[in-house]
Every structure is written in structure tokens, then in C-alpha cells.
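Notes to accompany the following structure.
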4 protein chains.
Amino acid sequence: MSSRDLLLAAAHEEFASRGYEGARVDAIAKKAGVNKQLVYHHFGNKEDLYGKVLESAYDGIRERERRLDLARLRPQTAMRRLIETSFDYLAENRDFVALLTDENLHKGKHMKRIVDIQRMNTPLLGTLDGILRRGAAEGVFRKGLDPLQVYVSIAGMGFFYFNNIYTLSAIFGQNLDSQEAIASRRRHVVDMLMHALRP
Amino acid sequence: MSSRDLLLAAAHEEFASRGYEGARVDAIAKKAGVNKQLVYHHFGNKEDLYGKVLESAYDGIRERERRLDLARLRPQTAMRRLIETSFDYLAENRDFVALLTDENLHKGKHMKRIVDIQRMNTPLLGTLDGILRRGAAEGVFRKGLDPLQVYVSIAGMGFFYFNNIYTLSAIFGQNLDSQEAIASRRRHVVDMLMHALRP
Amino acid sequence: MSSRDLLLAAAHEEFASRGYEGARVDAIAKKAGVNKQLVYHHFGNKEDLYGKVLESAYDGIRERERRLDLARLRPQTAMRRLIETSFDYLAENRDFVALLTDENLHKGKHMKRIVDIQRMNTPLLGTLDGILRRGAAEGVFRKGLDPLQVYVSIAGMGFFYFNNIYTLSAIFGQNLDSQEAIASRRRHVVDMLMHALRP
Amino acid sequence: MSSRDLLLAAAHEEFASRGYEGARVDAIAKKAGVNKQLVYHHFGNKEDLYGKVLESAYDGIRERERRLDLARLRPQTAMRRLIETSFDYLAENRDFVALLTDENLHKGKHMKRIVDIQRMNTPLLGTLDGILRRGAAEGVFRKGLDPLQVYVSIAGMGFFYFNNIYTLSAIFGQNLDSQEAIASRRRHVVDMLMHALRP
DNA sequence: AATGAATGAGTTTTCATTCAT
DNA sequence: TATGAATGAAAACTCATTCAT
């Protein structure tokens, strides 16, 4: 890997685990195994590096969504798979969850600076709209559901769980980060959402 | 207000809007209108102050939940009110959302240090359990629903929206922080969840 | 004990164990069990308190020396007792050793400010002079020994040992602070000095 | 000189003249003519810098002792030279005296942290042992003298004088820091110790 | 493309001292 | 004589960034 890519990966990790303010340029360089000055050489400064990390994180999710290919499935099957893979993506990409959250703490200021903001737009909304329409036509889903709201609900059911896993575990006195607990949450999420969409 | 309380309020605001690392002790003192050294006099250090802010934030939500008094209402009415007030609390207490998120970024390390962790345990779980049971008995709710999962779902539907309001607005190209957008989200959340609970 | 005396005793301990700069006014007040402001009430400020501590420490040693009453003893007996009691005083008053040393680190600036500096003058010099003269007349001690130099030698043989007990222990790889080690040093000091004074 | 060495030299001076607590990192950097942050870059923190200063101070005395080469001299000549050079070293290295004393005020805590504590062990003890044995065999020294005790006595006779030169001067009402006073002390020390070792 | 040394501006924290009562 | 709250000045330490090579 080029030193640029090494830095990007290291920065991704550091920003995700410590937040923008908590992240250390020194730590990023060390993690990447390269000289600190290269950060400035390749990315200008800490903030711009953060922007690049955000971009690449969104690239990742977009790429995944593009590969999903739900259009050819029956509405209920497609929906179930969408819910499941959304949940799984969050489960496996806690970094992404943390990054998103931190960016929101900063009121999205870095995103705004990203020129090609359209790159970030999820293509999923269109897919979801299609599934909902087909499902409504077939009579398996309710009519008039707003795909944006459904998308937010699907994401939120998993996001909140993973984003707040430490405080929830503390409050409820159980470890929500175990495999069983996550599997259990997954079943509940799928179940709840599929029920909610029924006519 | 005592200078201690002034500091606590100012710290709440500062930590919520900038996160733990981003928050400045200087800024907190200035906001509170007191001498910076009082922070150390009253709270020991920045981290312990953060802990106290967290505690008081949880006190706030517990207090609200205690006043809710849903036990005497019909199951569906109680559930609807619970969903609505949960959503509204998040809408009105963005600080709390930010604080929670930041604490999770730090893997809940400050919460763990809070001695009386039980104080934070939500009393809502018991109430929710009662509502679900009565609803199931009356045949208006599904049977066998785990109150913890339902609680997480209720909270998550609103939390994700407010926590990620900046990135979601950017991605979808619309301002989700408007009164109408929030009202619209509120309706969807209530609707989705009530549907999901039907037998 | 009056709060003033409590403070003086606490200050003695604190200054001896941490040095002037390392000592904390807060710690002194706490140790004395009184309000910190009383330090300022009774002593003006930290430096003047330090001066009072020094004075009282010297008072202690002068008092002890006054009680010694060596004039009536045979020269060799008197000398032996002087050496032994000097060594023992240092052994039992490490605080005094530390205080002296710290004052010298500050180039004796506090002593200079003590008005009644004469109070500190050791009366021992006269006594020692008498013993040396009588011993020389009797032929048991060498002639022409300077009592000041002898005094410094007597003190130095014990002082260096106790003052540097930690570094010496580390360098020599043995614990010089044990009862046996101290007893052994005591024998050596008496032996060496008595030998050195022989004609 | 590298900025690291400049800092070390400046720190040596500052710590010796003000003690650990009294020393200022700012002052050290200024004295060294470099940026304050280099202290942290090169040494981590104030305490570790202090440790390095101690180490280098001991290196200095060990180096000097190594060069002494007393083994080939007659016992009495060797002993006299050892006493004289020990005294002279203290006379010329007041910094070392102060550093030692301050380290003892802290109960040797920094020395304990120095990994290679053996580096500090004085090689003089072996030399001294040889001289004492040869002298005893030749009948010019007493038998059975413990080299460690003799070493401590030699060092103590000079150390106490220089370490306490301010308080002694004040108490005795004379300036012990004059060339004549020091020369006079030197003669006395040599004289006393040589006498003390006679059979 | 890469590096080690250096730095300015800030950040938390400490501490002797004073104020109001 | 006594106290709790408050403060100004300075201390150690941090960190993103730049310089010289």
C-alpha cells in the first residue's frame, strides 16, 4: 500500500475511535508507520484528512449498496434482505457508526466542505422506493409509505443499538455486545419492521 | 444559583456541543461567569466534571419518566403516549443526545466510574413491560415482545434521526431540522411502531 | 494545643518531608486539622512560616545541647558522649537534617531573615573547646585542634550518612536504614573520631 | 552541542540550584536557548529529565574515580590523595552535592527508577579496600576497617561542610566559603582522617 | 516522496493568597 | 480566632504545524 493509503486507513481508525478532537496526528502517523510530515504532504492538514476519511467511508457504503441488486427479488424478500444487510453493515462497521456520529457532533461541517456531495447520496432510496411500490401493488405492504422515513427507520433500529451499546449495556446491566445479544437484536429488528410494513 | 450549579449547567452545554475532547474548561468557566479555578475546586478535574454532567443528564430523563404515569391508561393509549413523549424528549433535548453519543465514543468509561450506576437505570422498562402484557392480554398487541428490545426500538427511531440530522440532511438534500420535517418524522415513528406491535 | 502550635508542628513535618517548594500550604492546614486561612492569620505567609519552623528546630537542638552538661566529665568520656549524642540526635531527628539541607539549598536565605540569629548559635562550641583543651593538657588529645573543625567533623560523620541514606543504600545495594546498619555506623563514627583525636 | 545536551546541562544547573520542585521547565529551556517543548520531545517530562540529570552526574563522578589510578601508589600516599581528591571534587562540584541532597529529600525515588542502577555503583570501594588491606599489611593502617564506612567518613567530612555551608556560616558568624576557609577545612579533613587510620 | 528536529499557541492543572462573613 | 468560597499568576504539558534537508 502507498503511504497515502496507509495514512488514510490509520486515520479512519483513529478518527473513529477517538473522534476528531481526540484523534492525534502523531498517532495516525505512527499507526501508519510513516513520518508525520507526510500527513501534511498528502492531505494538507488534519481537517482535510478527516474529510477524506469521511468520503472514503461513504464510498464504502455506497459500493456495498450498489452491489445489493434487490430489484429482481420479490418485495418481501428484497425488504427482508435490505433490513438484514443494513443491520449487518452497522454491526461490522462500527467505525462507520462512530465516524457518522462524530461528524454530526460537528454539525456536519466537514461534509459541507466536500465538494462532490452528491457522491454521498445513497442510491438505496430509489431501490427502496421501488420495493415499497411493488409491495403495495402486490398488497403485501401498506400504501403511501415515505421511502426516506422507512430508510431512516431501518437504519435507526440498528444504529442506535450499536452507537449506544456501552451506555445501554451499563443501564440494562447486560452486555449487548455479545454475539447472542446482537443476533437477538437482529431478529427483533427484522420482525418489527416487517410487521410495521404490513397493510 | 450557586457557582457550582452554574458550572454544571455551563459544562452540560459545552460538553454537549463540543464533545469531551473539544470542550474547553476555560469556556465552561466563562459561560458560567465564574473563575476557572472553581472548576477544580468543585469537581476536581475536567473528567470528573464530565461525569457529574452525565449523572445530572440521566437524572433529568429519569425524573421525566417517573412523572409519566402510564399505568392507568389503556394499553394502546399508553403506548402511543410513551412513543410520543420519548420522541419529544429527544427533540427537545438534543444536548442529551449529544452527551450520550459522546460517552459511547469513549466506550462508556465515565459511566463506569459513576458509583451509583443504578441511579441511571431507567424505570421505564417495568412500565413498558406492564403495557405490553396488558395489551397482549387484551389482544391489541402481539405476544412475547421483549420490553428491552421494544424500548431500544422506540428510542432508536427518534435518536438516529436527531443524532444524525446533519449528515442525513446533507445526503438527502433537505433540511430535516425544520418543524414540519420533525412533525412528519414524529407521525411516521408513531405510526410504524403502533403498526409493528399489532398482532 | 493551640491551632498555632498545631500548624507549626504540621509545617515542620511538611517542610521536612517535601522541602520548601514541595510543601503545600493546603497540606499543612489539613495535617493540623485547621482552616487554611489560619496559616495567614498566624504567620503571614508560607515563607515566614518556614522561618518559624526553622527557628523552632534550632531551639530544639540548642535546648538539647544545653542539657548535656559535659563540663564535669573527664575529657575522653565527655568527648565520647558528645559524639554519641550528636549522632543519636541526627538519627532521631531526620526532620532536622532535612530542614537544614533544604535551607542550604536556598543559600540560607530564610535564616538571614531571622532577626535573632544569635539564638541559633550553638553553645556547644565553647563546651567543645573546653574539652579539647583539658584533653590536650592531660595528654589524651592532640594539641592545637580547632573546635569548629572538630565540631563540623563530628556532625558531618553522622549527617552525611543520614542525609544521603537513600542514595547510599541504592549505590551500595544495602539498606543503611536498618537498626543494625545504624548501630554499626555509630560504632565506626565514635571509633574513628576518638582515634583521630589521639596525640 | 546538540539541543538535547544543551538541555541536559541547563537542567543540571537548574535542578542543582533550585531543587526538583523549585526548578522551572521554562527556565531550563531558556538557559539552554531552545524551545521549551524540546524538553518534552527529548525527555518526556520533568521527572524523567531529572532522572537523566542524576544519571549523568553519577557518570561524571565515576569517570573521575576511574581515572584516579591509586593502585600503584604506597598506601598512605594513595589514601591521602583519595581524601584530597574526594574533598576537591565536592569543592568544585557543588551542583553534585545539591543534586544528591535533593534526591535524598525525595527518598531516592528517581534513582530507583533508573534502570541501570549498577552504573552508579562507585568503583572506589574496591580501590579503597585494596589500599586499606595493603596499609594494614604494611602496618601503617589499623586492621579490620570496613571500606564502606571509611568511604562514607571520607565523603561525609567534606560533604557536610559544603552542603551546609550557608547555615554553618550563619551560625558561626564567619564565611566558610572563602578560599582560606576551604583550604583550612581541607587540611583538617586530611589530618583527621589520616590520624584516624593509624594503628 | 520522505524525514527528524523544532516551534507557537494553547490547555489543563496547581497553588499561594485574599475576600466576605 | 475562625471559616468557606473565590481568585490571579504561573506551572507542566500537549499538539497541530512548519523548517531544513
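Here is the naming used below: chain letters follow the sequence lines, and residue numbers restart at 1 for every chain.
Toward the 5' end of DNA chain F, the nearer of the two residues C:Ser3 and B:Lys36, judged by each one's closest nucleotide, is C:Ser3. Each of B:Tyr20 and D:Ser2 was assigned the nucleotide of DNA chain E with the nearest heavy atom; the assignment lying further toward the 5' end belongs to D:Ser2. DNA chain E is contacted by both B:Lys46 and D:Gln37; D:Gln37 maps to the nucleotide lying nearer its 5′ end (nearest heavy atom per residue).
If you measure from atom CZ of D:Arg4 to atom C1' of E:dG4, you get 15 Å, rounded to the nearest angstrom. Taking atom OH on A:Tyr40 and atom C1' on E:dG4, their separation rounds to 15 Å, with Å as the unit. E:dT11 atom C1' lies 14 Å from atom CZ of B:Arg18, rounded to whole Å. Rounded to whole Å, the distance from CZ on B:Phe15 to C1' on E:dT11 is 13 Å. Per the geometry, NE2 belonging to B:His41 stands 14 Å off C1' belonging to E:dA16, to the nearest Å. For C:Arg24 and E:dT14, the CZ to P distance is 10 Å, given to the nearest whole Å. Distance A:Lys30 NZ to E:dT3 P: 15 Å, rounded to the nearest Å.
Using a 4.0 Å heavy-atom distance criterion, B:Ala27 is classed as making no nucleic acid contact. Among the atoms of the strands shown, none is found under 4.0 Å from any heavy atom of C:Ala29.
Salt-bridge formation is not detected for the pair D:Glu55/D:Arg62: no Lys NZ or Arg NE/NH1/NH2 atom is positioned less than 4.0 Å from an Asp or Glu carboxylate oxygen. Ion pairing between a basic and an acidic side chain is recognised when a charged N comes within 4.0 Å of a carboxylate O; B:Glu14 and B:Lys31 show such pairing.
Around atom CZ of B:Arg18, no more than 12 heavy atoms belonging to other residues, nucleotides or ligands sit under 6.0 Å away. Other residues, nucleotides and ligands place more than 12 heavy atoms under 6.0 Å from the NZ atom of A:Lys46.
Every residue meeting the side chain to side chain contact (heavy atoms under 4.5 Å, CB included) condition with A:Glu21, not counting sequence neighbours, appears here in chain and number order: A:His106, B:Glu21.
Between the side chain of B:Asp26 and the base of E:dG10, no donor-acceptor pair under 3.5 Å is found.
A distance-only check finds a donor-acceptor pair linking the side chain of A:Asn104 to the backbone of A:Leu100 [under 3.5 Å].
Bounding nucleotides for the chain D contact on DNA chain F, 5' to 3', at a heavy-atom distance below 4.0 Å, are F:dA11 to F:dC15.
In this pair, C:His110 and C:Tyr20 present their aromatic rings tilted. The plane angle is within the 30 to 60° band.
Out of E:dA16, E:dG8, E:dT14, the shortest distance to the side chain of D:Asn35 is found at E:dG8.
Counting only Watson-Crick and G-U wobble pairs whose two distances sit under 3.5 Å, DNA chain E takes part in these stems of three or more pairs: E:2-21 with F:2-21.
Between the side chains of C:Asn45 and C:Glu47, no donor N or O sits under 3.5 Å from an acceptor N or O. Residues A:Asn164 and B:Thr101 have side chains that never bring a donor and an acceptor to within less than 3.5 angstrom of each other.
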